[in-house]
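What you are looking at is a predicted structure, and each value in this text was computed from that prediction instead of being measured.
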Amino acid sequence: MNLNEYLKTRPVDSKEFQKEMKKQVAFIQSFKMRELRKAIGLTQEELAKKAGVSQNQISKFENGDIDKAQIGTVKKYAKALGMDLVLACDTGEELISLV
């Protein structure tokens with residue numbers, strides 16, 4: 001049985017697929033942020049202290065738990081790494097900057 005034949009017998013649930021894709025994208029983004037922190041030479045504890053958040057929050061963020069992170073926490077994280085947080089809404093015709 002090839003993949004196409006298998007998928008005919010067990011179709012992919014598109015909602016579940018999208019949910020998994022979102023998790024994977026969050027993980028990749030978190031991985032990049034973690035690698036940047038390491039390149040700067042900070043531990044999670046050092047970054048947490050610099051950002052004024054708990055080490056647990058840094059850990060969750062760096063392990064892909066981005067959806068539950070508060071914007072203020074992410075902003076502090078970015079600032080502690082020398083970056084600015086950019087947040088915008090995409091209407092399809094324009095980006096409306098929120099932060």
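Around CD of Q70, the count of heavy atoms belonging to other residues, nucleotides or ligands within 6.0 Å does not exceed 12. Shown here is E45, whose CD atom has no more than 12 heavy atoms of other residues, nucleotides or ligands within 6.0 Å. Within 6.0 Å of CD1 on I71 lie no more than 12 heavy atoms contributed by other residues, nucleotides or ligands.
In this structure, the separation between CG on N63 and CD1 on I58 is 11.5 Å, given to the nearest 0.5 Å. From N4, atom CG reaches atom OG1 of T9 across 11.0 Å, with rounding to the nearest 0.5 Å. The structure places CG of L47 at 8.0 Å from CD1 of I40, a figure rounded to the nearest 0.5 Å.
When all heavy atoms are compared, the tightest approach of R34 to Y77 is N-OH, 4.0 Å. Scanning both residues, F61 and V74, for their nearest heavy atoms gives CE1-CG2, 3.8 Å. Annotation for A78 and D84: closest pair CB-C, 4.4 Å, computed over non-hydrogen atoms.
A continuous path of hydrophobic side-chain contacts links Y6 to V12 [ILVMFWY only; heavy atoms under 4.5 Å]. Side-chain heavy atoms closer than 4.5 Å link hydrophobic residues (I, L, V, M, F, W, Y) into clusters, and following such links, possibly through other members, connects F17 to L3. Cluster membership check: L36 does not share its hydrophobic cluster with F31, using side-chain heavy-atom separations under 4.5 Å among Ile, Leu, Val, Met, Phe, Trp and Tyr.
The closest side-chain heavy-atom distance from Q55 to T43 is not below 4.5 Å.
Side chain of E16 to main chain of D13: no donor-acceptor pair is present (N/O by atom type, distance under 3.5 Å, no hydrogens or angles). The main-chain N or O of A80 is found under 3.5 Å from a side-chain atom of K50 such that the two form a donor-acceptor pair. Side-chain atoms of T73 do not come within 3.5 Å of backbone N or O of A69 as any donor-acceptor pair.
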(message) Quick one, C89 with L98, criterion side chain to side chain contact (heavy atoms under 4.5 Å, CB included). Give me CA distance, side-chain angles, the key distance, then yes/no.
(response) CA-CA 7 Å; C89 291; L98 301 174; 3.4 Å; yes
(request) Before giving the answer on side chain to side chain contact (heavy atoms under 4.5 Å, CB included), spell out for M83 and K75 the whole-Å C-alpha distance, their side-chain angles and the decisive distance to 0.1 Å. (result) CA-CA 9 Å; M83 301 181 293; K75 190 173 186 176; over 6 Å; no
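Considering Q57, Q29, R37, K32 as possible partners of E62, the one that fulfils the side chain to side chain donor-acceptor pair (under 3.5 Å) test is R37.
At a threshold of 4.0 Å, the pair K23-E20 counts as salt-bridged, since one of the basic side-chain nitrogens sits closer than that to a carboxylate oxygen.
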